[in-house]
**Student:** 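Before we start, here is the structure in question, set down as structure tokens.
Letters A, B, ... are given to chains in the order of the sequence lines, protein chains preceding strands, and every chain is numbered from 1. Reckoned from all heavy atoms, side chains included, excluding hydrogens, waters and symmetry mates.
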Number of protein chains: 2
Amino acid sequence: MTPAQTAMLDRLRPRLGPGGIVTDRALIEPWEEDWRRRYRGHAPALLAPRDTAEVVAILQAATEARVPLVPQGGNSSMVGGATPPADGGAFLLSLRRMDRIRRLDAGAGLAVVEAGVILERLNDAALAEGWRFPLTLGARGNATIGGLVSTNAGGTQVLRFGTMRGLVLGVEAVLADGTVIDTLAALRKDNRGYDLGQLMIGAEGTLGIVTAATLKLAPAVAARGVAWAGVADPADALALLRRFQRASDAVESFEILPAETLDAALAWRPQARAPLAGRHAWHLLIEATAAAAAAEAPQALLERVLGEALSDGLIADATIAASEAQADAFWAIRDSLSDAERAQGPAAQHDIAVPVDAMPRFMVEAAAACDARFPGTRASGFGHLGDGNIHFHVRAPRDADRARWYAEDAPVVSRFVHDLVTAAGGTISAEHGIGQMKATELARLAPPGRLAALATIKAALDPLGLLNPGKLLAPPRPAE
Amino acid sequence: MTPAQTAMLDRLRPRLGPGGIVTDRALIEPWEEDWRRRYRGHAPALLAPRDTAEVVAILQAATEARVPLVPQGGNSSMVGGATPPADGGAFLLSLRRMDRIRRLDAGAGLAVVEAGVILERLNDAALAEGWRFPLTLGARGNATIGGLVSTNAGGTQVLRFGTMRGLVLGVEAVLADGTVIDTLAALRKDNRGYDLGQLMIGAEGTLGIVTAATLKLAPAVAARGVAWAGVADPADALALLRRFQRASDAVESFEILPAETLDAALAWRPQARAPLAGRHAWHLLIEATAAAAAAEAPQALLERVLGEALSDGLIADATIAASEAQADAFWAIRDSLSDAERAQGPAAQHDIAVPVDAMPRFMVEAAAACDARFPGTRASGFGHLGDGNIHFHVRAPRDADRARWYAEDAPVVSRFVHDLVTAAGGTISAEHGIGQMKATELARLAPPGRLAALATIKAALDPLGLLNPGKLLAPPRPAE
């Protein structure tokens, strides 16, 4: 520990109380590595504030001592966004002890939630009041509200409810100099200058530390319908989505996967059964919900639109889950795709988006381009067609050496995929953020003027570079 | 004109072509004053670019010559936000010639629209394709998309669709140094750092010049129901709103007005008729719509919920418009309120918001506090109860001298009202912005740390202070 770090802890010790400063290696180590074990860093201390005032004290002390801080919630980043640098120069700032649901307003349908509250717990609390928090994702048992806000998280309900940005009504955050920004009052209209709360969303902790958020709730689901359909290609899938959108706004998930991905999922979980009897090139998982009895029943909506699509030949086959158990079984297939693909061997994974209308063509053409450019690999995408966001995976050749492929080949593949996405007007990070993983690629591909503007804002709000160093706007490393 | 201004025009003349530089006084003068004739400035030239490249050229020339620019659309600001300073130091930058609808995508339900397109024209174009742009306000025949984005405009449909911020999917803007920020691709998910497009929304042209936006459309209305109800007080009105919201998301307007405001409107337009026979302390105008035949008919929804509320005694009376003509007549009353109140004499007007649940109490208590503090005045509020946003007017005593009251008394009244709003956790600008009118009050009432953060961002992106000087973040003037 440097003298400055020691001095900072000495200053904070009387302020934070027991448990607020952790230096026990055994307690810190689990948080020094990301959950997928791709990034490992070192933090000589982990600070764990209990409230916003303690976060202010920590940032003031960090500014005085010039010690950088790496904010961390559930440590479920997909891009190494919450892992400290390796040199031990930074402390971890864990928000996990700030875990109060300050208010759950069942009249207005909103909740004021601290950064450390875990997604699943918020949703359970909302359900108890007749509401739900309409954002969910695989890490819902670990991911915290602070991290979800800071990464503008997405998931499987974005089609209807938007990303985190669309669900955040206000933010409480602490800037590097200790200034508290507070827009928690959740005014539906407020035009008093730049929206600093919005600026914190998706900033990955590089502009300020999100300590709480006011979140929009949605009425709890009264009824849902879940369908599985087989289609010839992604273009037909998109045409079906547009039919649903013209008919209703009740569809909240519209997921696509190719036959080979379904095969992998069925092979990986022997208890899983194929939802449709025949063989189809592409599969769709569709969920519609209704909150109130007055609206058209979701199952009826699915029957009506899918029935017409079958008559028209737009889709090849479809089935509607006859029970909640069957609906859960459909979703279990979807939820297993990442693990099932991982079990097939090394793969370069890409969380990408293009405009929704461009996605069907991109899925087909990008896969073909990858297969042609990297013989022996196999490319395919699955995921959130309704959001124009798929997880595009390029699997290594069967005989590839795992370590060598990840070290040498995968980066080349990823640059090729990112070039394709950029050429299609898309993004190299749809919902996972930039973190450490994609900072170099962002620097390579973003328009220089845009990068300069990002750096200008970062320098203005964090002039000493203390907040989550090396993330998002890392200095470009020399070309490999 | 200063030598620097002359040099800037000389540099731009070959670039902009005829019509791009206006120096004819008769053509400039109408744009030097706001539409309500409260602010008057002077601009030695008006620049009128036709495309984004010309805006870039103008900003580069302005940066070189150090000449500030005041962006202007329809000149319908309520707060002097588009009026040039009086000293003639700035040029007007009119976006009105950038009036192309670049794309209207009837499949995806979005439009890419240049800054100078007038709101009404966009809506008409959308209607022709089976869509609508779900934001409307009194100035719809003048207000431009660029101004609506830059002021995060609201209106009467915010309850269902949100403010402009909720409808903007992407922005094209030019920064002071000529950098073009382009997020028009309208990716539904994009986590590549700070959202610069979002930062331009509500920035009132002080951070960059908005040149185009990608906007979300909503399906055209297939059926609507419009109701008028009488209630005892605003608390009952809010309870009724919550019933509607639990029943459906079809309600898009929920407007409140007190009896005296209705009286003023009926007096002002002799052809207007009171919608209800009896006398009620408070009145509500409620509109519900449906886009598709499958949903519950809006009239049926209104009948059901209002019928229950009548049985329960929550409301005193209600009527549902039996025809489109009657629905229009209800709305004509609402649309005439500002003019009707103005006809009653001088008044201090305040565009304020508090959290929705706090509004019923605020409406009653703030009016009583004003009446007590300023004997002879009469305070009341009307407007968007569902957004927690009302227009709170304090009318001058009957015998007040108009000029003297506006000059001396109204500012005192406004400070009192703003103090009440701030104490209630609300905003002194709900939907009109800050402009010149409220810059001093913002400086007086905003938390110093927040103000400093706004100024830091402004200085970072516009270090020479060339963009819309004197608006939003005006240096505090000496106390009066």
Side-chain angles (χ1 to χ4, degrees), chain A residues 107-108 151-152 154 158 163 175 179-181 185-196 198-199 202-203 207 219 242 246-248 292 294-296 301 353-357 387-389 425-434 442 446 449-450 452-454 456-457 459-461 472-473, chain B residues 107-108 151-152 154 158 163 175 179-181 185-196 198-199 202-203 207 219 242 246-248 292 294-296 301 353-357 387-389 425-434 442 446 449-450 452-454 456-457 459-461 472-473:
Chain A
T151 58
N152 185 24
V158 172
T163 63
L175 303 184
T179 296
V180 177
I181 299 299
L187 301 167
R188 285 185 56 88
K189 293 178 176 174
D190 184 12
N191 281 341
R192 285 178 293 175
Y194 324 139
D195 192 327
L196 298 174
Q198 278 285 338
L199 195 55
L207 297 181
R242 295 305 187 207
R246 277 194 295 272
S248 166
E296 181 182 18
L301 171 74
V354 298
V356 179
D357 284 316
D387 308 324
N389 166 213
T427 174
I428 63 168
S429 176
E431 56 181 3
H432 294 167
I434 298 296
L442 181 68
R450 182 180 145 75
L454 297 183
T456 297
I457 293 169
L461 289 180
L472 186 47
L473 289 173
Chain B
T151 59
N152 184 25
V158 171
T163 63
L175 303 184
T179 296
V180 177
I181 300 298
L187 301 166
R188 285 185 57 89
K189 294 179 178 174
D190 184 11
N191 281 341
R192 284 177 295 174
Y194 324 138
D195 192 327
L196 299 174
Q198 279 285 338
L199 195 56
L207 296 181
R242 296 305 188 206
R246 276 193 295 272
S248 166
E296 181 180 18
L301 172 73
V354 298
V356 179
D357 285 316
D387 309 324
N389 166 212
T427 174
I428 63 168
S429 177
E431 57 181 3
H432 294 167
I434 299 294
L442 181 67
R450 182 180 145 76
L454 296 182
T456 298
I457 293 170
L461 289 180
L472 185 46
L473 290 173

**Student:** Checking side-chain polar atoms at under 3.5 Å, does B:Thr427 have a donor or acceptor matched by the opposite partner on A:Arg192?
**Tutor:**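 A:Arg192 and B:Thr427 do have a side-chain donor-acceptor pair below 3.5 Å.
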**Student:** Among all residues two or more places apart in sequence or in another chain, which pass the side chain to side chain contact (heavy atoms under 4.5 Å, CB included) test with B:Asn152?
**Tutor:**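 Only A:Asn191, B:Thr163, B:Met164, B:Arg165, B:Ile201 meet the side chain to side chain contact (heavy atoms under 4.5 Å, CB included) criterion with B:Asn152.
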**Student:** Nearest 0.5 angstrom please: A:Asp190 CG to B:Asp387 CG, how far?
**Tutor:**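 The CG atom of B:Asp387 is 12.5 Å from CG of A:Asp190, to the nearest 0.5 Å.
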**Student:** Tell me, for A:Leu454 versus chain B, whether the close heavy atoms (under 4.5 Å) come from the side chain, the backbone, both or neither.
**Tutor:**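 Contact with chain B: backbone and side chain both.
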**Student:** For A:Ser248, which atoms come within 4.5 Å of any heavy atom of chain B: side chain, backbone, both, or neither?
**Tutor:**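 Neither part, no heavy atoms under 4.5 Å.
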**Student:** Under the side chain to side chain contact (heavy atoms under 4.5 Å, CB included) test, which residues partner B:Val356, sequence neighbours left out?
**Tutor:**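 By the side chain to side chain contact (heavy atoms under 4.5 Å, CB included) rule, B:Val356 matches A:Arg188, B:Leu238, B:Arg242.
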**Student:** Please look at A:Gln198 and chain B and tell me whether the side chain, the backbone, both or neither of the residue comes under 4.5 angstrom of a heavy atom of that chain.
**Tutor:**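 Contact with chain B involves the side chain of A:Gln198 alone.
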**Student:** Report the option among B:Ala203, B:Gly193, B:Ala460 that has the most heavy-atom pairs separated by less than 4.5 Å from atoms of chain A.
**Tutor:**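 Greatest number of close heavy-atom pairs with chain A: B:Gly193.
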**Student:** Can you tell me which portion of A:Ile434 sits under 4.5 Å from chain B's heavy atoms? Options are side chain, backbone, both or neither.
**Tutor:**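 Contact with chain B: backbone and side chain both.
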**Student:** Where does A:Asn389 contact chain B at under 4.5 Å (heavy atoms): side chain, backbone, both or neither?
**Tutor:**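 Interface part for A:Asn389: side chain.
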**Student:** Indicate the atoms forming the closest heavy-atom contact of B:Ala453 with A:Ile181, along with that distance.
**Tutor:**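 Looking at all heavy atoms of both residues, the shortest contact is CB-CD1, 4.4 Å.
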**Student:** Against B:Arg450, only a single residue in A:Leu175, A:Thr179, A:Leu196, A:Val180 fulfils side chain to side chain contact (heavy atoms under 4.5 Å, CB included); can you say which?
**Tutor:**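 Single side chain to side chain contact (heavy atoms under 4.5 Å, CB included) partner of B:Arg450 among A:Leu175, A:Thr179, A:Leu196, A:Val180: A:Leu196.
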**Student:** Below 4.5 Å from any heavy atom of chain B, which atoms of A:Asp357 appear? Answer side chain, backbone, both or neither.
**Tutor:**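 Looking at A:Asp357, just its side chain touches chain B.
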**Student:** To the closest 0.5 Å, what do you measure between CD1 (B:Ile457) and CD1 (A:Ile457)?
**Tutor:**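 Between atom CD1 of B:Ile457 and atom CD1 of A:Ile457 there are 7.0 Å.
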**Student:** Starting at CG of A:Leu199, measure out to OH of B:Tyr194 and round the result to the nearest 0.5 Å.
**Tutor:**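 Between A:Leu199 CG and B:Tyr194 OH, I get 8.0 Å after rounding to 0.5 Å.
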**Student:** Below 4.5 Å from any heavy atom of chain B, which atoms of A:Ser429 appear? Answer side chain, backbone, both or neither.
**Tutor:**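 For A:Ser429, the contact with chain B is made by backbone and side chain together.
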**Student:** Starting at CG of B:Asp195, measure out to CG of A:Asp195 and round the result to the nearest 0.5 Å.
**Tutor:**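 One finds 10.5 Å between CG of B:Asp195 and CG of A:Asp195.
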**Student:** Let me know if B:Leu301 has heavy atoms under 4.5 Å from chain A in its side chain, its backbone, both or neither.
**Tutor:**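 No part of B:Leu301 comes within 4.5 Å of chain A.
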**Student:** Against chain A, work out which of B:Ala446, B:Gly433, B:Ala430 has the most heavy-atom pairs shorter than 4.5 Å and name it.
**Tutor:**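 Looking at each option in turn, the highest pair count goes to B:Ala430.
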**Student:** Can you tell me which portion of A:Pro355 sits under 4.5 Å from chain B's heavy atoms? Options are side chain, backbone, both or neither.
**Tutor:**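 Looking at A:Pro355, backbone and side chain both touch chain B.
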